[in-house]
Amino acid sequence: MNEIPHGTVQEQTFYEQVGGEETFRRLVHRFYEGVAGDPLLRPMYPEEDLGPAEERLALFLMQYWGGPRTYSENRGHPRLRMRHAPFAVDRAAHDAWLTHMRAAVDELGLTEEQDRTLWTYLTYAAASMVNRAD
């Protein structure tokens with residue numbers, strides 16, 4: 001057992017606070033369950049199986065929130081806007097993405113503060129991916 005010296009403040013990352021890999025994998029899996037049946041979003045995922053996209057998003061979110069750096073080790077810098085540029089992401093796609101993500105976040109059972117922290121980032125990320133006017 002590792003001892004923490006008296007008076008030392010041990011801070012957890014958000015990744016650790018919310019339950020680590022398991023929580024982010026649950027979030028992303030539930031999100032892609034919604035995407036799979038969404039007529040607007042599903043065509044944006046050209047792979048027959050959503051598994052690779054699910055894995056990429058899970059690794060990205062885990063890294064972003066303080067978990068392992070596996071995403072960058074495998075794919076380099078995220079360059080999210082560049083990676084999404086080939087797809088027409090308009091306000092309707094933005095709204096659909098957030099609808100499925102909200103359902104996924106709601107199932108995590110986070111504290112109010114954790115939910116707010118995560119949701120603030122997700123709404124910012126969704127807005128930053130919009131690349132087409134309505």
Partners of Arg102 by side-chain hydrogen bond (donor to acceptor under 3.5 Å, both in side chains), sequence neighbours excluded? Asp106, Asp115
Determine whether Met101 and Leu27 satisfy the following criterion, side-chain contact (heavy atoms from CB on, under 4.5 Å), listing intermediate values before the conclusion. CA-CA 8 Å; Met101 194 55 82; Leu27 169 72; 3.8 Å; yes
How close do Trp65 and Thr13 get, heavy atom to heavy atom, and via which atoms? O-CB, 3.7 Å
Cluster link Phe60 to Phe14, ILVMFWY, side chain under 4.5 Å: yes
Closest heavy-atom pair and its distance - Thr23, Leu108: O-CD2, 3.7 Å
Nearest heavy-atom contact between Leu41 and Ala93 is CD2-O, 3.7 Å
Between Gln17 (side chain only) and Gln12 (backbone N and O only), is there a donor and an acceptor less than 3.5 Å apart? yes
Considering all heavy atoms of both residues, which atom of Asp49 and which atom of Arg42 are nearest to each other, and what is their separation? N-NH2, 4.3 Å
Restricting to side-chain contact (heavy atoms from CB on, under 4.5 Å), what partner residues turn up for Thr120, sequence neighbours left out? Arg116
Taking all non-hydrogen atoms of both residues, which atom of His94 and which atom of Val130 are closest, and how far apart? CB-CG2, 3.8 Å
Assess whether atom CZ of Arg69 is packed by more than 12 heavy atoms of other residues, nucleotides or ligands within 6.0 Å. no
Quick one: does Leu59's side chain get under 4.5 Å of Arg25's, heavy atoms only? yes
Interatomic spacing from CE in Met62 to CG in Leu57 - rounded to 0.5 Å: 9.5 Å
Does Val18 form a side-chain contact (heavy atoms from CB on, under 4.5 Å) with Leu118? I'd like the steps, not just the answer. CA-CA 10 Å; Val18 299; Leu118 181 57; over 6 Å; no
Holding to side-chain hydrogen bond (donor to acceptor under 3.5 Å, both in side chains), I want the full list of residues that pass it with Glu54, two or more places apart in sequence or in another chain. His29
Aromatic contact between Tyr121 and Tyr64, with the criterion being ring centroids under 6.0 Å apart: yes or no? yes
Taking the side chain from Asn131 and the backbone from Val89, do they hold a donor-acceptor pair closer than 3.5 Å? yes
May I ask you to decide if Ala104's main-chain N or O and Glu107's side chain share a donor-acceptor pair within less than 3.5 Å? no
To the nearest 0.5 Å, tell me how far Trp119 CH2 sits from Leu110 CG. 12.0 Å
With rounding to the nearest 0.5 angstrom, report the CD to CD distance, Glu16 to Glu11. 10.5 Å
Do the side chains of Glu21 and Arg26 get close enough for a salt bridge, i.e. N-O under 4.0 angstrom? no
Do Tyr15 and Pro68 make a side-chain contact, defined as non-hydrogen atoms from C-beta onward lying under 4.5 Å apart? yes
If you compare all heavy atoms of Thr70 against all heavy atoms of Gln63, which two are closest, and at what distance to 0.1 Å? N-OE1, 3.9 Å
Rounded to the nearest 0.5 Å, the CZ atom of Arg56 sits from the OH atom of Tyr71 at a distance of 8.0 Å
Trp97 and Phe31, any side-chain heavy atoms less than 4.5 Å apart: yes
